[in-house]
Amino acid sequence: MATMDRRTFLARSAVAAGAVGAAAVVGGRILRHPQERPWDEGAFAPPGTARVAVLRATSYDISLDEVVGDGLRAIGADVRGARVLLKPNLVEFDEDTAINTDPRLVAAAVVALRRMGAADVVVGEGPGHRRDTQFVVTSSGLVEALDAVDARFVDLNIDGVTRVPLRSRYTALGALWLPRAITDADVVISMPKMKTHHWAGLTLSLKNCFGCVPGRVYGWPKNALHWAGLEQAILDVAAAVRPDYAIVDGIVGMEGNGPISGTPVSSNVLVFGNDPVATDVIGARVMGFDPLKVVYLAEAARFLGQGDMDRIRTEGEVVDDVTTDFAVLPRFAPLKA
């Protein structure tokens, strides 16, 4: 996505804090003036052609490690010798719905990444809804799944932190305290659940970065980020974390009053991308959204990744052939394609 690697980006961020300015949502816009560029252009190279793969997967009981490997190779993922941090979406546990990234998919990703030469694969999350992370990871089945593949889990809510000055200025936060599991990783992979969201419209790989921000610093449910402006915070947090790849769990997603109280919906796909913006653009289309109508996603396409469909190279399924019309709350009906 960018010409610099994540280590160089984080090192530069640590010595070059940008000017801080508060943005405002006015009439559905994030910026006071559309011509504003509230980011340091030297930190975000113009995005090139992105690669996104949409693969059918009708069950969590198939050979998911092979599907994940196929998807990662299709987008040109390179993890040889890398320390990889997998960031799934773990919010809350309810056995009657589909809130979290399925543990079987997370474990399958661990196996696939090791086969591709990763030196180490760690799973990390900082749930924003429930303070008891151990309850969520145990009740959801993630502990058991990771034990089966001998993988380590890090609670990002309580991990040691590093101050990272923001190179984008959609909020007035100025800097973020990020877990060392994130800043020390060579590769970060966002693994969101494909869901609607009662405040943001939809949640995919960019919004999933909220779980990288520690609750012990920012509260529950990451209150400081919501007070700063939800859509603005999505942009600043994702721009600080800079996930290298994304794997979207759309085998069973959530529609309606997501991200916790919605209804499970089978969309039977996994979406892989080497650019979080392009991944979310394609993921939004799979859900029946018009990506350009999703305010934070359209804004992210200005600096953080590729949003131009003509410059997103897709592999696997034709997007229109695997689209599932996710139901939304009435106020988000205008976002649908």
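Along the sequence shown, residues carry numbers from 1.
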Begin with the C-alpha distance, continue with both residues' side-chain angles, and end with the deciding distance and a verdict on side-chain contact (heavy atoms from CB on, under 4.5 Å) for Leu225 and Thr171. CA-CA 9 Å; Leu225 302 182; Thr171 70; over 6 Å; no
With His129, which residues qualify under ring-ring contact (aromatic ring centres under 6.0 Å, His included), at least two apart? none
With sequence neighbours excluded, residues passing ring-ring contact (aromatic ring centres under 6.0 Å, His included) with Trp199: His226
Between Leu113 and Leu86, is any pair of side-chain heavy atoms under 4.5 Å apart? yes
Side-chain heavy atoms nearer than 4.5 Å, only ILVMFWY residues, links allowed to pass through others: does that put Leu176 and Ile158 together? no
Strictly distance-based, threshold 3.5 Å: is any side-chain N or O of Trp177 a donor or acceptor partner for the main-chain N or O of Gly160? no
Are any non-hydrogen side-chain atoms of Val154 and Leu85 less than 4.5 angstrom apart? no
So if you build clusters from Ile, Leu, Val, Met, Phe, Trp, Tyr with side-chain heavy-atom gaps below 4.5 Å, do Ile189 and Val149 land together? yes
Test item: Ser266 side-chain N/O and Asn268 main-chain N/O as donor-acceptor pair under 3.5 Å: no
Is the NZ or CZ atom of Arg167 both under 6.0 Å from the centre of the six-membered ring of Phe44 and within 45° of that ring's axis? no
Does any non-hydrogen side-chain atom of Val121 lie less than 4.5 Å from one of Arg114? yes
Work out which heavy atom in Ile182 is nearest to a heavy atom in Val241; give both atom names and the distance. CG2-CG1, 4.3 Å
Working for side-chain contact (heavy atoms from CB on, under 4.5 Å), residues Val161 and Leu178: CA-CA 5 Å; Val161 294; Leu178 292 181; over 6 Å; no
Is the backbone N or O of Met191 less than 3.5 Å from a side-chain atom of Thr101, with the two atoms forming a donor-acceptor pair by type? yes
Hey, could you give me the CG/CG distance between Asp78 and Asp244, rounded to the nearest 0.5 Å? 11.0 Å
Between Arg216 (side chain) and Asp159 (backbone), is there a donor-acceptor pair under 3.5 Å? yes
Over 12 foreign heavy atoms within 6.0 Å of CZ, Arg331: yes
The side chain to side chain donor-acceptor pair (under 3.5 Å) partner of Lys195 among Asn89, Asn100, Asn208, Thr203 is Asn89
Is it true that a side-chain atom of Gln306 and a backbone atom of Ile312 form a donor plus acceptor pair closer than 3.5 Å? no
Verify whether one side chain among Asp155 and Thr133 offers a donor that lies under 3.5 Å from an acceptor in the other. yes
Would you say the side-chain atoms of Asp40 pair up with the backbone N or O of Gly42, donor to acceptor, closer than 3.5 Å? no
Nearest 0.5 Å, please: how far is CD in Glu299 from CG in Leu206? 12.0 Å
Kindly give the heavy-atom pair with the smallest separation between Leu204 and Gly283, and that separation in Å. CD1-C, 3.8 Å
Show the nearest heavy-atom pair for residues Ala240 and Leu166, with the distance to one decimal. CB-CD2, 3.9 Å
Would you say Val286 and Met194 make side-chain contact, with heavy atoms under 4.5 Å? yes
Min side-chain heavy-atom separation Leu55-Glu317 under 4.5 Å: no
In plain terms, say whether Arg285 and Asp320 are close enough for a salt bridge, that is, a side-chain N and a carboxylate O under 4.0 Å apart. yes
Centroid separation Phe326 to Phe332 less than 6.0 Å: no
Ala278 versus Ala50, closest heavy-atom pair with distance: CB-CB, 3.5 Å
Transitive ILVMFWY side-chain link Val269 to Met309, under 4.5 Å: yes
Evaluate the criterion side-chain contact (heavy atoms from CB on, under 4.5 Å) for residue pair Leu235 and Gln232; output intermediate values, then yes/no. CA-CA 5 Å; Leu235 292 163; Gln232 295 95 326; 5.6 Å; no
By ring-ring contact (aromatic ring centres under 6.0 Å, His included) - contacts of Phe153 (at least two apart): none
Between Asp65 and Arg115, does any NZ, NE, NH1 or NH2 come within less than 4.0 Å of an OD or OE carboxylate oxygen? yes
For Val318, which fellow cluster members are found when Ile, Leu, Val, Met, Phe, Trp and Tyr are connected by side-chain heavy-atom distances below 4.5 angstrom, either directly or through intermediates? none
Going from CD on Glu92 to CG on Asp94, what distance comes out if it is rounded to the nearest 0.5 angstrom? 8.0 Å
Shared ILVMFWY cluster between Val110 and Leu90, side chains joined below 4.5 angstrom? yes
Could you go step by step and tell me if Ser205 and Asp280 meet the side-chain hydrogen bond (donor to acceptor under 3.5 Å, both in side chains) rule? CA-CA 6 Å; Ser205 68; Asp280 286 7; 2.6 Å; yes
Quick check: does any side chain N or O of Asp184 sit under 3.5 Å from a backbone N or O of Ala181, one acting as donor and the other as acceptor? no
With a 4.5 Å cut-off on side-chain heavy atoms, are Arg80 and Met116 touching? no
Does Lys336 come within less than 4.0 Å of Asp325, counting only side-chain N to carboxylate O? yes
Note, Lys222 side chain near Asn157 side chain (heavy atom, < 4.5 Å): yes
Would a single hydrophobic cluster contain both Phe210 and Leu202, if residues Ile, Leu, Val, Met, Phe, Trp and Tyr are joined by side-chain heavy-atom contacts under 4.5 Å? yes
Hey, could you give me each pair passing ring pair (Phe, Tyr, Trp, His ring centres under 6.0 Å) that has a residue in residues 260-299? Not counting sequence neighbours. none
With a 4.5 Å limit on heavy-atom distance, are the side chains of Ile30 and Tyr170 in contact? yes
Under 3.5 Å, which donor-acceptor pairs link side chains of residues 246-265 to any protein atom two or more places apart or in another chain?
residue: Asp249; atom: OD1; partner: Tyr60; partner atom: OH; Å: 2.7
residue: Asp249; atom: OD1; partner: Ile251; partner atom: N; Å: 3.3
residue: Asp249; atom: OD2; partner: Tyr60; partner atom: OH; Å: 3.1
residue: Asp249; atom: OD2; partner: Asp102; partner atom: N; Å: 3.0
residue: Asp249; atom: OD2; partner: Lys193; partner atom: NZ; Å: 2.9
residue: Glu255; atom: OE1; partner: Ala327; partner atom: N; Å: 2.9

Looking at every non-hydrogen atom in both residues, tell me the closest pair between Glu125 and Lys87 and how far apart they are. OE1-CE, 2.7 Å
Only one of Thr314, Val322, Leu270 forms a side chain to side chain contact (heavy atoms under 4.5 Å, CB included) with Val54, so which one is it? Val322
Evaluate the side-chain contact (heavy atoms from CB on, under 4.5 Å) criterion for residues His198 and Leu329: first the C-alpha distance (whole Å), next the side-chain angles of each, then the deciding distance (0.1 Å), finally the verdict. CA-CA 7 Å; His198 55 199; Leu329 297 177; 3.8 Å; yes
When rounded to the nearest 0.5 angstrom, what distance separates CD1 in Ile75 from CG in Leu72? 5.5 Å
Closest contact, heavy atoms only, Asp236 versus Ser168: OD1-OG, 2.5 Å
